[in-house]
Structures are given as C-alpha cells and as structure tokens.
Amino acid sequence: MNNVVICEANEINLKSTLDGGQAFRWHGKEDSYRGVIEDKVYIIFREENLINAKCINSKIDSAELLKIKRYLGIDFNLDNFKKKYKKNEYIYKLIKQNQGLRILKQDPWESIVSFITSSVSNISKIKKNINELCILNGKKIGDGEYDYIFPNDVEIIQIGEIELRKIGFGFRAPYLIDAAMKSLDNKINMNSKNDKYDDKLSELTNIKGVGRKVADCIMTYGYGRRDSFPVDRWVRKGLIDNLGYNPALSNDKLSELAQKKFKNDSAYVQQYIFYGEKTS
DNA sequence: ACTCAGGGTCGAC
DNA sequence: GTCGACCCTGAG
C-alpha cells in the first residue's frame with residue numbers, strides 16, 4: 001500500500017469536497033476519508049501540508065494517480081476563479097470562507113442514481129440509501145464496512161423495485177428502475193462531452209424522477225460540465241437573499257437566469273453558494 | 001406520540 | 001403555472 005502525493009493541502013478541502021453533498025460514499029472526518037472510485041478502495045488524507053492517497057487493492061502507479069486527480073478535480077484553477085469574483089462581495093466571501101472546495105468528477109451512472117435518490121431527502125439519508133444499495137449488491141472489494149463496487153444498470157434491475165423499497169428508497173425506487181432500463185437500452189450517453197446543454201438536459205429529464213435540478217446535478221458532478229447551475233432550496237435562498245433575484249421565480253427559471261449570467265462558472269458559483277448557505 | 005422538513009418530480013387540472 | 005401526492009427518517 002504505497003502512498004502517493006496528490007497535491008498541497010491548501011489546494012483541496014477534503015471535508016467540504018468529499019462529504020459536502022456532491023458524493024455520498026466517502027466516510028471519515030476532517031482530514032481523512034475512505035471511499036471507492038470505480039473498483040478500488042482509496043484512503044485520501046492530509047499529512048502535514050500534503051494531500052496523500054493510498055489504495056488498499058493495489059499499488060498506485062502514475063496512470064492511477066492521474067485518475068485520482070481527475071476525480072478530485074485538481075485541474076480546476078481555484079485561484080483564477082477566486083480573483084474573477086473579487087468584486088462580487090457575496091460570492092467572494094463564500095470562496096474565501098470555503099477555500100479548497102472543489103467539484104468532483106464522478107461516474108455518470110453513479111451520479112444519476114445518487115441524485116434521483118437525493119429528491120426531497122437529506123445528505124445523511126442519501127448516504128444511507130446509497131450505501132445500503134451497494135451492500136445489497138454485494139460486490140465487496142475490501143475489509144471495510146463500505147468497501148463495495150457501485151451496482152450497474154443490470155444489477156439494479158435485478159435487485160428490483162420491491163427490494164429497493166425495502167431498503168428505504170420509497171417513491172424513488174421505480175425511478176431508479178426506469179433509469180437502469182434506459183441505460184441498458186443505450187438511451188443515455190455516458191461519455192458525452194460536447195453535447196449542447198439543452199440536448200443533454202432533455203436526454204436526462206427523459207428519465208423518470210429527473211427534473212431540471214437533478215439533471216443539473218448529474219451534469220455537474222457526473223459529466224464534468226461547468227455550464228450547469230443546479231438550484232435547490234439552499235441555492236434558491238442564496239440567489240434571492242444575496243444576489244437580488246426575484247423570489248417569485250421558479251427554481252427552473254432561476255437556474256436558467258443564473259446560467260446565463262455565470263456561463264462556464266455556473267457549476268462552481270453554485271457549489272460555493274450551496275455549501276455556504278447550507279453550513280451557515 | 002406527533003409534527004416537520006430534507007440538494008424535487010409527477011400527473012392532473 | 002399551480003397543487004397535492006409521493007416514501008422514509010431523524011430531529012425537535
């Protein structure tokens with residue numbers, strides 16, 4: 001189990017990034033988290049002023065180091081982003097307060113399942129649902145409580161709506177089955193990079209249980225898009241209370257307007273508003 | 001024991 | 001565009 005250095009400690013805040021509501025399978029606290037990326041278990045931790053990673057399944061070579069960095073979104077230049085919003089008092093304050101908060105690049109399928117699950121739920125319940133789903137699927141890859149591979153579309157169909165309801169997915173259970181069927185039928189492109197936003201939006205909102213908000217989350221965290229602006233109740237509050245948006249507007253309309261204003265910074269601006277409003 | 005709300009969406013009007 | 005229904009769970 002070799003340690004590899006990911007970056008300097010001030011480049012990424014592990015707590016807000018790994019356990020702040022964009023991913024639901026990282027367990028730990030403050031400076032050390034354990035979780036699964038694809039089919040391997042990693043521990044990502046701070047030591048002195050460096051962020052390190054180790055893998056319990058195999059040695060981390062240079063290709064795998066790149067994979068981890070890509071997952072953690074280390075390539076995004078937070079300094080430039082911060083400078084750009086120096087004149088926006090509210091956004092600048094949030095960026096300073098939450099230095100090192102990054103957007104992860106997760107697996108599209110896992111994001112689809114996770115954010116369908118997130119509807120009218122809360123982070124602790126989403127984590128509970130998602131982890132029980134992985135445990136039920138049973139592909140264990142380590143000695144830890146949560147060391148399981150995420151179920152694919154076929155496996156979710158095999159588990160079935162009844163079992164999903166039994167482990168607490170509630171009305172979201174049939175939505176997950178619908179998503180799995182569409183994935184299996186190749187109705188969802190898992191590799192799309194340069195799709196037009198509106199095309200990707202309609203592809204995703206075709207899935208039952210996926211409206212604009214959930215689709216925006218999937219595009220942000222699963223497809224690595226930066227032009228999507230998910231608006232939930234927290235982001236709504238931030239936009240209205242602090243950026244002067246009209247409280248009469250729907251979340252969908254707010255998302256559309258914010259996206260127009262922030263363009264390719266949309267995802268990051270949203271992330272800082274979400275985290276800031278939720279933790280204040 | 002009872003109410004309330006949590007990273008919304010669906011279907012019917 | 002508006003409105004009730006939808007499952008479950010932890011907090012107060």
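Nothing here was measured: the structure is a model prediction, and the numbers come from that model. Residue numbers start from 1 in every chain, and the chains themselves are labelled A, B, ... in the order their sequence lines are given, proteins ahead of strands.
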Exercise for the section: Report yes or no: is the cationic atom of K127(A) (NZ for Lys, CZ for Arg) under 6.0 Å from the centre of the six-membered ring of F24(A), at an angle within 45° of the ring normal? Expected result: no
Exercise for the section: Can you tell me, in whole Å, how much space there is between the P of dC7(C) and that of dA12(B)? Expected result: 15 Å
Completion exercise
Taken to the nearest whole Å, CG/D178(A) to C1'/dG11(B) is 15 Å
Practice task
Would you classify V231(A) as touching base, sugar-phosphate or nothing, given that sugar-phosphate means primed atoms plus P, OP1 and OP2, and contacts are heavy atoms under 4.0 Å?
Solution key: nothing
Problem - Identified pairing partner of dG4(C), criterion: Watson-Crick or G-U wobble below 3.5 Å - result: dC10(B)
Exercise for the section: Report which part of the nucleic acid I218(A) touches: base, sugar-phosphate, or nothing (heavy-atom distance under 4.0 Å, all strands). Expected result: nothing
Problem - Heavy-atom pair of closest approach, residues I6(A) and A53(A) - result: CD1-CB, 3.6 Å
Exercise for the section: Take atom C1' in dG12(C) and the same atom in dA1(B), then report the distance between them in whole Å. Expected result: 13 Å
Practice task
Indicate, with a heavy-atom threshold strictly under 4.0 Å, whether G21(A) touches base, sugar-phosphate, or nothing.
Solution key: base
Handout entry: dA5(B) versus dC6(C) - spacing of their C1' atoms, nearest Å
Key = 14 Å
Exercise for the section: Assess whether one donor atom and one acceptor atom, taken from the side chain of K213(A) and the base of dG7(B), lie less than 3.5 Å apart. Expected result: yes
Exercise for the section: Tell me which nucleotide among dG7(B), dG8(B), dC7(C) gets nearest to the side chain of V214(A). Expected result: dG8(B)
Problem - 5'-most by nearest nucleotide on DNA chain C - V120(A) or S124(A) - result: V120(A)
Practice task
On DNA chain B, check which nucleotide each of D232(A) and G209(A) is closest to and give me the residue with the more 5' one.
Solution key: D232(A)
Exercise for the section: Send over the distance from I126(A) CD1 to dC8(C) P, rounded to a whole Å. Expected result: 16 Å
Problem - Close side-chain approach of L136(A) and I159(A), heavy atoms under 4.5 Å - result: yes
Exercise for the section: Considering only atom P, compute the distance from dA5(C) to dC4(B) and round it to an integer number of Å. Expected result: 15 Å
Problem - Nearest-Å distance for atom pair CG/C1', residues N122(A) and dC4(B) - result: 12 Å
Exercise for the section: Classify the side chain of Q270(A) and the base of dG7(B) as holding, or not holding, a donor-acceptor pair under 3.5 Å. Expected result: yes
Practice task
Assign the ring pair Y71(A) / W26(A) to parallel, tilted or perpendicular, where the plane angle (0 to 90°) is split at 30° and 60°.
Solution key: tilted
Practice task
Establish, from distance only, whether the side-chain atoms of Y85(A) and K93(A) form a donor-acceptor pair under 3.5 Å.
Solution key: no
Exercise for the section: May I have the distance from K127(A) (atom NZ) to dG7(B) (atom P), rounded to whole angstrom? Expected result: 13 Å
Practice task
Identify which nucleotide among dG7(B), dT9(B), dC7(C) has an atom closest to any side-chain atom of Y221(A), counting heavy atoms from C-beta outward.
Solution key: dG7(B)
Exercise for the section: Check the distance between dT9(B)'s P and L204(A)'s CG and give it to me in whole angstrom. Expected result: 12 Å
Exercise for the section: Choose from dC7(C), dT9(B), dG10(C) the nucleotide whose nearest atom is closest to any side-chain atom of K128(A). Expected result: dG10(C)
Problem - S228(A) versus D216(A), side-chain donor and acceptor atoms under 3.5 Å - result: no
Handout entry: Nucleotide dA5(B), atom C1' - distance to CH2 of W234(A) in whole Å
Key = 10 Å
Fill in the blank from the handout: Using Watson-Crick geometry (N1-N3 plus N6-O4 or O6-N4) or G-U wobble (N1-O2, O6-N3), each under 3.5 Å, dC4(B) is paired with dG10(C)
Handout entry: Side-chain donor/acceptor contact of S119(A) with base of dG8(B) under 3.5 Å
Key = yes
Handout entry: Minimum-distance nucleotide to K208(A) side chain [options: dG11(B), dG7(B), dG8(B)]
Key = dG11(B)
Exercise for the section: Looking only at side-chain atoms of R172(A), point me to the closest of dC7(C), dG7(B), dG8(B). Expected result: dC7(C)
Practice task
Indicate whether F274(A) forms a stack on dG7(B); treat it as stacked only if centroid distance is below 5.5 angstrom and interplanar angle below 30 degrees.
Solution key: yes
Problem - Between dC10(B) (P) and R212(A) (CZ): distance, integer Å - result: 14 Å
Exercise for the section: Measure the acute angle between the ring planes of Y146(A) and H27(A), then classify it against the limits of 30° and 60° as parallel, tilted or perpendicular. Expected result: parallel
Fill in the blank from the handout: K125(A) NZ to dA5(B) C1', in whole Å, measures 12 Å
Fill in the blank from the handout: Closest to the 5' end of DNA chain B, once F24(A) and Y175(A) are matched to their nearest nucleotides, is F24(A)
